[in-house]
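Just below is one structure, and these are the notes that go with it.
Start at 1 and go down the list; that is how both ligands and their atoms are numbered. Computed over heavy atoms, backbone and side chain alike; hydrogens, waters and symmetry mates excluded. All residue numbers refer to positions in the sequence shown, counting from 1.
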Amino acid sequence: MKKTISLFKNAKQNNEKITMLTAYDYSTARLEEESGVDAILVGDSLGMVVLGYENTLSVTMEDMIHHSAAVARGAKNTFVVTDLPFMSYQTSVYDAVKNAGRLVKEGLADAVKLEGGVKFAEHICAISDASIPVMGHIGMTPQSVNAFGGFKVQGKSIEDAKRVIADAKAVEEAGAFAVVMECVPSALTAYISKLLTIPVIGIGAGADCDGQVLVYQDMLGMYSDFTPKFAKKFAEAGEVMKNGFKSYFEEVKSGVFPSAEHAFKIDEEVMKKITEE
Ligand code: KIV
């Protein structure tokens, strides 16, 4: 059975935690679905963990569409949320709706996510009015890295905490079905989670959220350029991969691989005729 937007509402009502992970390709999406994830985020973090950029700002609509469609093909029964990349919605409400539509039509997304609160309430409202579910994203919003002066925790001062609360309320009132809260002090997130009727999905926002999201390369130990404080390693897949690569190299160099088991046979008579010609 396909997981739908209802799971977010039901989970909040029943006080059940929502699990979300990023994915950017077919085979990872399939593995996540087989593991029972509630929803997949095709995050623009793909710019960093897949494409090797320093931040998410260079990611294009074409990048997002390409990876979103691959994920949707791999996780047919999972709810897929895809990020609107930098400058695909900030420019106008019209661009926001048009590009959200592209993520659904071409990227096969079930919903879209965009960064920003009060300033982007109108955009969220217009996309929702076009029957495209929107997930908000507030707190530390990576597309604003230059405005923030780095990847910094948000909402620590009274003024800043009030700003995060106003953003959360604005996103809910605009019609978002859920909101990601990134790098916000745990007590503030707990307060906001109680205040909102939509689920709050935390990343670096403490335990008292309605769900959690992580970048899968961070939680599997596959991305060493930068490890955020909140990214617990649940496995050392990077080490497993490196060991697998090394064993392959050793077996190729020593002639152990490929053995007969991994090769194809030909009739001896055929070979005889060929070599005799
Ligand atoms: O792009 C992304 O992966 C995200 C998560 C960090 C929430 O937005």
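- Ring-plane geometry between Phe79 and Phe177 is classed as perpendicular, the angle between the planes exceeding 60 degrees on a 0 to 90 degree scale with a lower cut at 30.
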Name each donor-acceptor pair under 3.5 Å that joins a side chain in residues 197-205 to protein atoms two or more places apart or in another chain, with its distance.
from   : atom 1 : to     : atom 2 : distance (Å)
Thr197 : OG1    : Glu172 : OE1    : 3.1
Thr197 : OG1    : Glu172 : OE2    : 3.4

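- Under a 4.0 Å N-O distance rule, the pair Arg30/Glu34 qualifies as a salt bridge.
- Aromatic ring orientation, Tyr24 versus Tyr216: tilted (interplanar angle from 30° to 60°).
- Salt-bridge check for Arg163 with Asp160: passed, with a basic side-chain N closer than 4.0 Å to an acidic carboxylate O.
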Which protein N or O atoms sit under 3.5 Å from any N or O of ligand 1? Give each pair with its distance.
from     : atom 1 : to     : atom 2 : distance (Å)
ligand 1 : 1 (O)  : Asp44  : N      : 3.1
ligand 1 : 1 (O)  : Asp44  : OD1    : 3.0
ligand 1 : 1 (O)  : Ser45  : N      : 3.0
ligand 1 : 1 (O)  : Ser45  : OG     : 3.3
ligand 1 : 1 (O)  : Asp83  : OD2    : 3.1
ligand 1 : 3 (O)  : Ser45  : OG     : 2.5
ligand 1 : 8 (O)  : Lys113 : NZ     : 2.8

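- A salt bridge is absent between Glu236 and Lys242: the closest approach of a Lys/Arg side-chain nitrogen to an acidic carboxylate oxygen does not fall below 4.0 angstrom.
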